[in-house]
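Start at 1 and go down the list; that is how both ligands and their atoms are numbered.
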Amino acid sequence: MRYISTRGQAPALSFEEVVLTGMASDGGLYVPDEIPTLSHDDLAAMAGLSYAEIAFRVMQPYVNGEIDDATFRGIVEEAYATFSHDAVVPLNQLDANHFLLELFHGPTLAFKDVALQLLGRILDHFLQKRGERAVIMGATSGDTGSAAIEGCRHCDNLDIFILHPHQRVSEVQRRQMTTVLADNVFNVAIEGNFDDAQAMVKASFADQSFLNGTRLVAVNSINWARIMAQIVYYVASAVALGAPHRAVSFCVPSANFGNVFAGYMAKRMGLPVKQFIIATNANDILHRTLADNDFSKQELVATLAPSMDIVVSSNFERLLFEAYERDGAAVKALLERFQSEPSALAEAPLARLRESFASHSVDDATILEVIREAHHRTQEILDPHTATGYRAAEQERADAATPVITLATAHPAKFAEAVVKAGFPGVPLPPHMDDLLEREERYTVLPAELSAVQQFVAENRR
Ligand SMILES: *Cc1c(COP(=O)(O)O)cnc(C)c1O
């Protein structure tokens, strides 16, 4: 298997290269040139297996023999041993046919742990083999930096620098990052806002000369290995509910589309999925595109579900590539036009998307209403991201007979502000984190100046 770019011009890469590369040189995203299949028998044989074993079987074709099976099994087992629930991603039945897939039992209480616990270890494996080191840089508004840090803290060949806006991150979210005291973890509080931090990370990727040849690696959701890791829980949860003998539907709180694209890949591999429901918050480009063919940028809105606050949905490009039947030139033309003006999809690709995907947008007032309503009906307190999914699933599911699985993307304690706004006294942190507010912190405050940040990275990397 090779990996090819959605814009059709960058060279094809191996799995190892694609994990180390991130975005393709033509501006596209990498996808496998052929989609491996899971037969009816393959799926049937997964019933009753551990999550790690299912993960190994689903991902092994994508790894393409570039990590030997025994080593890869070890990496997968180690990654998912960091989760606090024995099932890794347990299913929680809400009513007769609506299930929550709890993806928040990892170290930072959100679904990004599923992919980042694996990606850090895969990167470290390849770097060790090559005798190289790498630097990871990222910017966070608070909610997602910790998952990258937790994914890399044990990686001998990686140093990770995460920039957050100084004094503009909630205490719980800051502490999830700054209490990781590993030698290779560097938290930088920028005296500026999130956009300043992000601009400095972008500039550092564009001109990496300050690192004197050391590789800078991106672990954001355009990295193929993150998609690969996320395919697994679609397969595991569907099998738990009776696949391949019966179909299920999924409802996915979505932003950059990495999560739901992984579900689409599972379907393409052979998983019987009736329907994908895309839930968005008020930043609704995905919903507008599917419902009205309005593929245009709109002003960013700060919502109660901040991990879904986006203007552009980066991984949607991977789905467009499939909808346009892998015509890289057409995808490139569409996305270049989209950068500067409101656009629309061609009729046939849009019709293809509508065969598999429904969508629904949920505003902040509705998020609060859903948190109350879901608690009243099921006793569960949903986090605000999951709340968008709960409502979208109830509104858009095609039929009541097919089980619908809503992906619970974060633990409510991580987004307690919304829960309190909905009228609840708050949500306690899970037991393994209940001393978070007493733990020692370490971070460095720097001015919002590129040269200061780059000097800090260059001096502190090991
Ligand atoms: C990142 C994130 C999302 C959105 O996932 P995408 O893969 O970007 O669509 C939803 N909920 C939470 C809690 C997240 O952290």
Side-chain angles (χ1 to χ4, degrees), residues 29 89 100-117 119 138-151 170 172-173 176-177 218-234 250-266 276-287 289-290 300 303-319 357 359-362 367 370-371 382-392 406-419 427:
L29 306 184
V89 292
L100 278 186
L101 179 59
E102 295 183 353
L103 300 175
F104 53 68
H105 295 279
T108 76
L109 310 181
F111 91 97
K112 291 186 175 67
D113 289 327
V114 179
L116 284 161
Q117 284 298 315
L119 175 56
T140 183
S141 52
D143 44 342
T144 61
S146 55
I149 288 171
E150 286 287 350
S170 79
V172 166
Q173 294 190 348
Q176 283 195 297
M177 301 189 282
V219 296
N220 56 18
S221 71
I222 62 172
N223 193 306
W224 170 258
R226 284 186 56 173
I227 306 285
M228 174 184 87
Q230 292 169 175
I231 298 170
V232 175
Y233 49 71
Y234 289 91
F250 289 98
C251 179
V252 188
S254 295
N256 274 319
F257 208 76
N259 199 356
V260 60
F261 183 75
Y264 173 80
M265 289 297 297
F276 290 103
I277 302 163
I278 298 167
T280 75
N281 62 21
N283 298 288
D284 61 352
I285 180 167
L286 291 165
H287 175 58
T289 303
L290 275 159
L300 185 73
T303 74
L304 290 171
S307 301
M308 289 159 59
D309 288 350
I310 48 102
V311 173
V312 175
S313 185
S314 53
N315 273 291
F316 191 54
E317 175 160 353
R318 287 186 159 119
L319 184 66
F357 295 91
S359 64
H360 194 81
S361 164
V362 178
I367 287 176
V370 173
I371 293 174
L382 304 181
D383 102 285
H385 306 83
T386 306
T388 68
Y390 182 90
R391 173 57 61 93
T406 294
L407 274 51
T409 52
H411 189 289
K414 186 158 187 170
F415 296 95
E417 187 199 333
V419 175
V427 193

Verdict with supporting geometry, Val427 and His411, side chain to side chain contact (heavy atoms under 4.5 Å, CB included): CA-CA 9 Å; Val427 193; His411 189 289; 4.3 Å; yes

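- Using a 4.0 Å cut-off to heavy atoms of Asn259, the atoms of ligand 1 that qualify are 7 (O).
- Atoms of ligand 1 lying under 4.0 Å from any heavy atom of Asn256, numbered from 1 in the order shown and given with element: 6 (P), 8 (O), 9 (O).
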Derivation and outcome, side chain to side chain contact (heavy atoms under 4.5 Å, CB included), residues Ile222 and Ile227: CA-CA 8 Å; Ile222 62 172; Ile227 306 285; over 6 Å; no

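- Between Phe250 and Tyr234, the gap from one ring centroid to the other is short of 6.0 Å.
- The closest heavy-atom contact to atom 4 (C) of ligand 1, among the options Ala255, Ala305, Ala110, comes from Ala255.
- Proximity to Phe257 (heavy-atom distance under 4.0 Å) selects the following atoms of ligand 1: 6 (P), 8 (O), 9 (O).
- Ligand 1 is approached by Phe111 to a heavy-atom distance shorter than 4.0 Å.
- Tested against Ser221, the residues Asn315, Thr144, Asn256 include a single side chain to side chain donor-acceptor pair (under 3.5 Å) partner, Asn315.
- Near Ala410, meaning under 4.0 Å from any of its heavy atoms, are these atoms of ligand 1: 13 (C).
- Between Ser361 and His287, the side chains place no donor N or O within less than 3.5 Å of an acceptor N or O (distance only, hydrogens not considered).
- Looking at atom 11 (N) of ligand 1, its nearest protein heavy atom turns out to be Thr409 OG1, 2.9 Å.
- Ligand-side atoms of ligand 1 in range of Lys112: 1 (C), 2 (C), 3 (C), 14 (C), 15 (O), range being under 4.0 angstrom from any heavy atom.
- Between Leu103 and Tyr233 there is a side-chain heavy-atom pair separated by less than 4.5 Å.
- Taking every non-hydrogen atom of Ser254 and a distance limit under 4.0 Å, the qualifying atoms of ligand 1 come out as 9 (O).
- Residue Gly258 has at least one heavy-atom neighbour below 4.0 Å for each of these atoms of ligand 1: 6 (P), 7 (O), 9 (O).
- Remark: the Thr388 side chain and the Asn281 side chain contain no N/O donor-acceptor pair separated by less than 3.5 Å.
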